[in-house]
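Computed over heavy atoms, backbone and side chain alike; hydrogens, waters and symmetry mates excluded. Counting starts at 1 for both ligands and their atoms, in listed order.
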Amino acid sequence: MSNAYVSVEGIARRYPGATIFEDLWFSVNRGEFVCLVGHSGCGKTTVLNILAGLEAPSDGVVIVDGQEISGPSLDRAVIFQGHALMPWMTAEQNVAFALSCRHPSWPKAKLREAAQAALEKVGLGHAAQKKPAQLSGGMKQRVGIARALAIAPKMLLMDEPFSALDALTRGALQEEVSRLVTEADQTAFMITHDVDEAILLADRILLMTNGPDARLAEVVVNTLPRPRDRANLHHMPGYHELRDHILDFLITRSRTLAGKQPAGWDPKAVPEVRPAAPQITPPPPRAAA
Ligand SMILES: Nc1ncnc2c1ncn2[C@@H]1O[C@H](COP(=O)(O)OP(=O)(O)OP(=O)(O)O)[C@@H](O)[C@H]1O
Ligand SMILES: [Mg+2]
């Protein structure tokens, strides 16, 4: 049996007069963290919305846990780019509300207790009674993360969750998510523009060409060992090769490969590359006797 939790099988999204992408195939294994990287407008959010069940593909199917998805599910929690909190509720009420959807039979006191515990996990125990307007951008995003993790989803879907934050807050939250996700062996799919974020968090990084007619050009396997942290990432052997590979894609190949399907291209077998794998140098040729 395959270990895939999510299997994306030939999905397409078309609008009248425009094909955003066509024939995308990929999978996300249980416990795996997959990042999707590509330029603005190539269709990343559309892919995530389809995985979340918020949007239907024009073609193809998404199989989750052996079943074709037909709509949103609490098994797949989304963390949006904006925090998407309910402004009239406190942080605790926002988390408790999600919990009450997951556990309709729980009494109020139990919901409150679990919400408080979830907020403490992201370092926000002290701010539980504050409303979103009283919280900083980073704190609001933390509440969104607490809310998503509290319901113990089988999969976490994240659409550039840190992009609106300052660099310092972003770094702290990346490390927190990295820790929480690793502890729980959480299956996750995340969109990011930040190459270091992808290298820190992902097991595999999907590279998408520019749209329209975007496609997955390559799957980059991140072989850097865990635990990774932002302070030591750039000292790890292979880090620079990995980073350069992804940057080269974003700067050049995402454009030069756009729209073209190389002869013999098989969308079901996107090439895998391991730029950070230890390089084995072949021994020098022996001198002729
Ligand atoms: N209703 C629509 N009609 C036509 N095109 C649309 C419609 N909605 C979205 N699109 C197009 O679909 C494409 C993909 O949008 P999507 O939001 O998925 O991109 P993205 O990769 O997430 O971009 P970004 O990095 O800026 O968030 C865009 O080029 C957008 O213009
Ligand atoms: Mg987007």
- prompt: If two hydrophobic side chains count as joined below 4.5 Å and joins carry through other members, does L54 share a cluster with V28?
  reply: yes

Output all residues satisfying salt bridge (charged side-chain N to carboxylate O under 4.0 Å, His left out) with [X], sequence neighbours left out; order by chain, then residue number.
X	result
E113	none
E55	R13
E218	R253

field: Side-chain ion pair, R228 and D196, N-O less than 4.0 Å
entry: no

message: Assess whether a salt bridge exists between E175 and R179, defined as any Lys/Arg side-chain N lying under 4.0 Å from an Asp/Glu carboxylate O.
response: no

- request: Give the ring-plane orientation class for Y239 versus H234, where under 30° counts as parallel, over 60° as perpendicular and anything between as tilted.
  value: perpendicular

message: Heavy-atom pairs closer than 4.0 Å: do any link ligand 1 to the side chain of I20, the backbone, both, or neither?
response: side chain

task: Between R13 and ligand 1, find which residue part has any heavy-atom pair under 4.0 Å and reply side chain, backbone, both or neither.
output: neither

message: Any atom of ligand 1 sitting under 4.0 Å from a heavy atom of H193?
response: yes

message: Within the structure, is a non-hydrogen atom of M208 found at a distance of less than 4.0 Å from ligand 1?
response: no

query: Which is closest to atom 23 (O) of ligand 1 by heavy-atom distance: P212, C42, G41?
result: G41

- line: Nearer than 2.8 Å to the Mg ion (ligand 2), the protein contributes N, O or S atoms numbering 1

